[in-house]
Amino acid sequence: MELFLEPVDVWLFRDGKPFDALSDHRASSLFPPYPTVMQGVIRSHHLVVKGVDLRNPAAIEEAVGTAENFGNLRLRGPFIARKEDDRITRYFPIPADVVLDRQAGNYRPLRPRPREEAPYVLTSAPDDLPVLLWQPEGYEPSKQVAGQWLAEEELLKCLHGEPVKAVPGETLFTRENRFGIGRDDATRTTLEGALYEVEFIRPCADVGLWVQVEGYDGWPEAGLMRIGGEGRGAHFSKIEPPLSWPEMPDPLPQRFKVYFASPTYFEEGWKPKDWGRFFNGAVTLQAVALNRYESIGGFDWASGQQKPARRYVPAGSVYYFTADGSVCLKTDLVNGAITDRWPEIGFGQVIITEWKEDNHV
């Protein structure tokens, strides 16, 4: 089933930094939230749907698995989505391999170029990457503007090398800061020096989250659920007909690029130990466009302590490959995801397109 989640009020999706009124004064929100947040939302509500006794650990594990084993659950998302009449449009992070053309007011993909043909430049790119990314000629590039998103149709155009228009984040959601002060529950008095600030997310009208859920049944067509910090409310409704995920080329083109729609974890930081884990056939990594890593952790309520924080490749990252012969994405990948950790709950979701000769050197 596919769900569209709309806010009842503001939402709170904190980042993974430890936070309380005496250790840090401000908590920031992420939007969309990480898949780790959404799996907790979906699993918790499934317990409600099934009427599971929350005092029975064995019944909980049978229904939704454990903290490390999610049972039959398979998630894709969450992604920002907007409802327009009877249509749902998903929005994705702008790819890391584009630059802003201020004169034209659009974003253009960079062009891969062999190192020996590129102008002399000092770079931290690894020596085993034979290609560097350079801007096309004929316009004045500048840095991306923060908080930009692409509608799915525009994203696919961008991945095929076309200039595109981005959507400012404030047309999809706004951020609201609210203040509070810590309290001593024993004496019911406020704590000195415990003022704090929390950032909430308020999606715009008809904007919410899209998520695909597999492995759970028995859900009603619509209803209310708790979501995120403070147990804020969300109205969910099933999407009919469901949206399709962009089709993967099979076999993959001789030159292809992988866009990460959600964060991904690799054992060696920005890459896995072996790309052969994900591809049938030999591939060579040619170039990479990355943004700053994201640390994902959180709080383990069962054990009462912080979870280990791990560094993830952020959504929007783009990897360029060439294929040696016939290459396919492995069919046994959970959710078709490229990640070393938790593909079943939505990490490592990818869109793969051809790296075309007519718009790349």
Side-chain angles (χ1 to χ4, degrees), residues 15-17 30 32-39 67-70 74-79 92-98 110 112 123-133 155 159 245-246 248-249 252 255-298 306-324 327-353 355:
D15 57 21
K17 292 172 56 180
L30 303 169
Y34 292 134
T36 45
V37 174
M38 189 52 58
Q39 63 83 22
E68 293 292 331
N69 181 1
F70 306 106
R74 298 292 181 267
L75 288 182
R76 175 171 277 152
F79 298 112
F92 295 88
I94 195 164
D97 67 338
V98 302
L110 297 173
T123 174
S124 60
D127 292 336
D128 58 353
L129 293 180
V131 169
L132 298 176
L133 297 176
L155 172 65
L159 294 179
W245 190 252
M248 302 291 184
L252 296 174
R255 303 202 298 182
F256 65 93
K257 58 182 177 179
V258 177
Y259 165 86
F260 283 91
S262 63
T264 189
Y265 177 80
F266 290 135
E267 294 180 3
E268 295 189 353
W270 63 276
K271 61 186 179 70
K273 288 183 178 180
D274 181 14
W275 289 108
R277 176 179 174 183
F278 309 106
F279 300 103
N280 280 321
V283 299
T284 301
L285 182 63
Q286 298 287 346
V288 180
L290 290 173
N291 290 319
R292 182 177 175 82
Y293 67 82
E294 296 179 350
S295 294
I296 301 179
Q306 291 289 330
K307 299 176 183 177
R310 294 180 171 87
R311 293 181 175 182
Y312 282 69
V313 172
S317 300
V318 182
Y319 287 60
Y320 287 76
F321 292 90
T322 54
D324 184 8
V327 173
C328 301
L329 197 64
K330 286 192 173 180
T331 58
D332 61 350
L333 296 178
V334 178
N335 275 347
I338 298 179
T339 181
D340 287 334
R341 183 174 174 83
W342 287 346
E344 61 269 39
I345 61 171
F347 285 104
Q349 295 298 301
V350 298
I351 299 174
I352 300 178
T353 60
W355 162 10

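Numbers for residues simply follow the sequence, beginning at 1.
Contact between P112 and V131 at its shortest, heavy atoms only, is CB-CG1, 3.3 Å. Pairing each heavy atom of I352 with each of P249, the nearest pair is O-CD, 3.4 Å. Nearest heavy atoms, F70 versus Q39: CE2-OE1, 3.5 Å. Scanning both residues, P93 and A315, for their nearest heavy atoms gives CG-CB, 3.8 Å. Contact between P78 and P33 at its shortest, heavy atoms only, is CG-O, 3.4 Å. Minimum interatomic distance between P343 and V334 (heavy atoms only, all atoms of both residues): CB-O, 3.7 Å.
Remark: F321 pairs with F256, W275, F279 by the ring-ring contact (aromatic ring centres under 6.0 Å, His included) rule, at least two apart or across chains. Among residues two or more places apart in sequence or in another chain, the ring-ring contact (aromatic ring centres under 6.0 Å, His included) test is passed with Y265 by Y312. For P246, the side chain to side chain contact (heavy atoms under 4.5 Å, CB included) partners two or more places apart in sequence, or in a different chain, are R90, E152, L156, I351. Remark: W270 engages no residue in a ring-ring contact (aromatic ring centres under 6.0 Å, His included) (not counting sequence neighbours). Taking S317 as the reference, nothing meets the side chain to side chain donor-acceptor pair (under 3.5 Å) condition, with sequence neighbours excluded. In terms of the side chain to side chain donor-acceptor pair (under 3.5 Å) criterion, T36 has no residue partners (sequence neighbours excluded). Taking R74 as the reference, nothing meets the side chain to side chain donor-acceptor pair (under 3.5 Å) condition, with sequence neighbours excluded. Looking at residues two or more places apart in sequence or on another chain, you find no side chain to side chain donor-acceptor pair (under 3.5 Å) involving E344.
At least one donor-acceptor pair under 3.5 Å links the side chain of R76 to the backbone N or O of N335. At least one donor-acceptor pair under 3.5 Å links the side chain of K330 to the backbone N or O of G276. Within the 3.5 Å criterion, the main-chain N or O of G348 finds a donor-acceptor partner in the side chain of S262. In this structure, the side chain of T353 engages the main chain of L159 through a donor-acceptor pair within 3.5 Å.
For the pair T284 and D324, the minimum side-chain heavy-atom distance is 4.5 Å or more. Taking the side chain as every heavy atom from C-beta outward, L155 and P95 approach each other to under 4.5 Å. A heavy-atom distance below 4.5 Å is not found between the side chains of W342 and P35. Within the 4.5 Å cutoff, the side chain of R310 has no heavy atoms near those of the I296 side chain. Side-chain atoms of I338 and L329, non-hydrogen and from C-beta on, do get closer than 4.5 Å to each other.
Sorted by first and then second residue, the salt bridge (Lys or Arg N to Asp or Glu O under 4.0 Å) pairs involving residues 270-279 (not counting sequence neighbours) are E267-K273, E268-K271, R277-D340. Every pair tested for salt bridge (Lys or Arg N to Asp or Glu O under 4.0 Å) that includes a residue from residues 286-295 fails, sequence neighbours excluded, so the list is empty.
Rounding to the nearest 0.5 angstrom, the gap separating the CZ atom in R255 from the CH2 atom in W355 is 5.0 Å.
Aromatic ring centres of F260 and Y319 lie closer together than 6.0 Å.
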